[in-house]
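Data block below; observations after.
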Amino acid sequence: MGTMAVHGESSPSPAMRRPWEVPAPGRMFYKRSMSDPFDLTAAPPPAQAPAQAPAAPVSPPYLETLNESQRQAVEAVEGPVLVLAGAGTGKTRVLTTRLAHILLLGRAHPGEMLAVTFTNKAAREMKDRVAALLHRPVEGWWVGTFHALGARILRRHAEVVGLKPNFSILDDDDQVRLIKQLMEARKIDPKKWPPRTQLGVIQRWKDRGLMPAAVSDAEGGDYAEGQTLELYADYQERLRSLNAADFGDLLLLCLELFKIDGETLRHYQRQFRYILVDEYQDTNVAQYLWLRALAQGHRNICCVGDDDQSIYSWRGAEVGNILRFETDFPGATVVRLERNYRSTPHILAAASGLIAHNQDRLGKTLWTDVNEGEKVRVRGVWDGQEEARVVGEEMEALQAKGASLNDMAVLVRAGFQTREFEERLITLGLPYRVIGGPRFYERQEIRDAIAYLRVVHQPDDDLAFERIVNVPKRGLGAASLQIVNIYARAEGLPLTAAARRLLETEELKPKARATLRALLDDFDRWRGLLHNHVPHPDLAGRILDESGYTDMWRQSKAIEAPGRLDNLREMVAALAEFESLQAFLEHVSLVMENEESQDGAKVTLMTLHAAKGLEFDTVFLPGWEEGLFPHQRALDDGGVGGLEEERRLAYVGLTRARARAHVLHAANRLVYGQWQTAIPSRFVGELPDDHVERQGVPGLGGAVDEEGFAGPGLHEDGGLYGGGAGGAGLTRWRSRRRALAQTGSWNVHERKAQGGFDVGQRVFHQKFGYGRIQSIDGNKLEIAFEKAGTKRVMDSFVEET
DNA sequence: GTACATTCTCTTTTT
DNA sequence: GAGAATGTAC
């Protein structure tokens, strides 16, 4: 955490402080800047003001290194600007240089700049890179994700929309539980109408900036016997009484705030002189409205995006936002970045050829002047294991040639695909990291601990209260809790308040009453400590100890208990890095990612979605099969639009590669414990032949094996590359047994072991703990450990349980 | 109220 | 196949 502030800080080096007079005379925005001296609302940094005057036109070095269009995008400071930045065209560079440029020109000081990103990572990178350009960290500017910035604004004016400033931000888990409760109250069958789906519908409404009252009846009538809309109203009401907001609310309630309180809106409109938006193609309607509201003041809004990389429509993103920009902001400057600095011409051509199959795009022509490299390699394999094996071999080969594992990535369509690669990489002993895997703050013990902190910080947080009221077990089970719940609902009180009143009555059994009283007293005591400014890490430690939570794990003989205690300690330690308990809680709800340790070179495994914005020398793209990629569900409920989005995803994948891209498709795949057969993705066929090197017989799913056997099902379909209409029926299920019978050479070992172990047997290993035997190969056992994952070990290290 | 067994869903992507 | 949710036995 940087501590230096630009405001009132001693001046930086003279070279940096010097404003760069811009050479291109006659460019409107510079003229305008001359006639627009510092009439900032707040006093500008003194060091910068006089510096605006000197005339000698010198182009600053940071501009010299940009190409013509990049430079244009940086220098078009005034008015609305749309930067269409193709993959690998130096988008981040433009963004950060632009920000630095504005600061260096003295057009605004940090507090007047709003830079919005989609991910916390992008926000961090932006801060770091601007700091590097300026040789100092910038403090006090508004950089962050939509949600973080929304929360920041909302906290300041929470009362306007019926919240208190310390409102909780619910996580996914809380939301589902809440919806479930509300459905119960309405007697909606959760079997028939899964709560998650209900929540999904509500979130979609929120994405579109619609409060319950704004949803048209026609739309509300479609789900759950027409009750979803009412459920939405219930949900919002409940959130308010919980003094809580969900993710969507962080923007939606901001919009409400702007609507209700025009003066506040005008305040922010005046404040934000320069607005910058990254990944504009992924904004949803609510985000769009939020931006548009804030940009009305100075109209200096710069949106950067690439319609070909729009991959979040399922989450409410509207490509329309980017396609419509010039209409929304008349007189906008549009800059196209088309020169690619990342990939070889073959990769670029392959990606361009693929994306050209999409109808609905603005269209760009990426080009590069680097020399030819390798063609994109496409390889068909027999099954998922072979796929992982082939990728592993290639990685080892590259490594042998001196390549770093850091420069390799496997990009998958869906999360479950990483497993096969993990197993293979473990076997090979290649270190890897999975991005987007289980996150620190999502672990059970951490969530419990946070629930304690939440209740202390925000007494009305019923969801947190419910989570820990009986953890550790105190005999306050479902029965007691129900009494509290009924009372709370009848009286319209939060659970803690209701519980407090119930203590005065005879409704609870004496034992439960005493326990509950003790718990509430604990809460009061901890809250007292909080208000007496006991340092929050100390407080957290006390809470966990005095509540018996730490003891619960200490006494647990579960194999993972020590690890959980470690995690708790780690969390308490992490608390010290935050200014306050509130700041910590904000962090965990908005930045649910683990800071990964950068020790040693590792292969990266992640989804295509997570890969956007990243690049690697070598990219492996497995699972290009109809049904998986394009994903069946995207086709089913997305139609042509869904297909095009899948294609954009493929485009994103290919364009992550600097030097080498390997596409793979398997004829058979074990999904779900069952064998699934598939034909190669239509995207494979859409790759232009001139830039692709195909291995194995095209059209046959399998790399032709020993038997030259391509896998049942493929011939029946008769077509190559998804020629079958609509994609439906292209996949089918088959029992493992049948697949085994047909191939004969399946990579499955004898069921019975020599050493007295059986497949499926539960065993114990000194180092890895408990696990179940997957397969047996002589004296080597493949064991799926409960904690340590699947490993191969010698049978002598394993004992029966 | 709790512990264990059984059944059932799920898998696209995430701030 | 795994994890959650539900059902059953103590």
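These values consider heavy atoms only, across backbone and side chains, with no hydrogens, waters or symmetry-generated copies. By convention in this document, chain letters (A, B, ...) are assigned in the order of the sequence lines, proteins followed by strands, and residues within each chain are numbered from 1.
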Value in whole Å for how far the [atom2] atom of [N] lies from [atom1] of [X]:
X: A:Gln287; N: B:dT14; atom1: CD; atom2: C1'; answer: 12 Å
X: A:Leu608; N: B:dT11; atom1: CG; atom2: C1'; answer: 16 Å
X: A:Leu251; N: B:dT15; atom1: CG; atom2: C1'; answer: 9 Å
X: A:Arg196; N: B:dT11; atom1: CZ; atom2: C1'; answer: 12 Å
X: A:Leu628; N: B:dT13; atom1: CG; atom2: P; answer: 11 Å
X: A:Gln281; N: B:dT13; atom1: CD; atom2: C1'; answer: 15 Å
X: A:Tyr312; N: B:dT13; atom1: OH; atom2: P; answer: 11 Å
X: A:Asp172; N: B:dT11; atom1: CG; atom2: P; answer: 11 Å

Residue whose nearest DNA chain B nucleotide is more 5′ - A:Leu649 or A:Gly477: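 The 5'-side residue here is A:Gly477.
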Pairwise 5' ranking along DNA chain B for A:Ser480 and A:Glu646, keeping only the more 5' one: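 Closest to the 5' end, via its nearest nucleotide, is A:Ser480.
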Side chain of A:Lys473 (C-beta onward), nearest among B:dT13, B:dT2, B:dT14: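 For A:Lys473, the side-chain atoms sit closest to B:dT2.
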A:Trp314, nearest nucleotide to its side chain (from B:dT13, B:dT15, B:dT11):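 Closest nucleotide among those given: B:dT13.
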Check: A:Tyr312 ring centre within less than 6.0 Å of A:Trp314 ring centre: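 They qualify: ring centres under 6.0 Å apart.
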Segment of DNA chain C, first to last nucleotide, that comes within the 4.0 Å heavy-atom reach of chain A: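 Answer, 5' to 3': C:dG1 to C:dA5.
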Base, sugar-phosphate or nothing for [X]? Non-hydrogen atoms, less than 4.0 Å.
X: A:Gly248; answer: nothing
X: A:Lys180; answer: sugar-phosphate
X: A:Phe118; answer: sugar-phosphate
X: A:Ala479; answer: sugar-phosphate
X: A:Asn470; answer: sugar-phosphate

Between A:Gln385 and A:Glu387: side-chain donor-acceptor atoms closer than 3.5 Å: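 No, because no side-chain N or O of A:Gln385 sits under 3.5 Å from a partner of the opposite role on A:Glu387.
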B:dT14 phosphate, OP1 or OP2, under 4.0 Å from A:Thr119 side-chain N/O: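 It does not, given that no N or O in the side chain of A:Thr119 lies less than 4.0 Å from OP1 or OP2 of B:dT14.
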Stacking of A:Phe146 on B:dT15 base (centres under 5.5 Å, planes under 30°):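 So no, this residue does not stack on that base, at least one cut-off failing.
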Side-chain heavy-atom pair A:Asp249, A:Leu239 within 4.5 angstrom cut-off: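 In short, these two side chains touch, coming nearer than 4.5 Å.
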Set of side-chain hydrogen bond (donor to acceptor under 3.5 Å, both in side chains) partners for A:Arg155, sequence neighbours left out: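 Applying side-chain hydrogen bond (donor to acceptor under 3.5 Å, both in side chains) to A:Arg155 gives A:Glu586.
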Shortest non-hydrogen separation from A:Leu608 to A:Gly653 and the atoms involved: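 Shortest heavy-atom contact: CD2-CA, 3.5 Å.
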Ring geometry between A:Phe118 and A:Phe146 (parallel below 30°, tilted from 30 to 60°, perpendicular above 60°):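 Perpendicular.
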A:Arg467 bridged to A:Asp448 by N-O distance under 4.0 Å: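 Looking at A:Asp448 together with A:Arg467, the answer is yes, because their closest N to O distance falls below 4.0 Å.
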Ring-face cation of A:Arg152 near A:Trp142 (centre distance under 6.0 Å, axis angle within 45°):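 Relative to the ring axis of A:Trp142, which defines the angle, A:Arg152 lies inside both limits.
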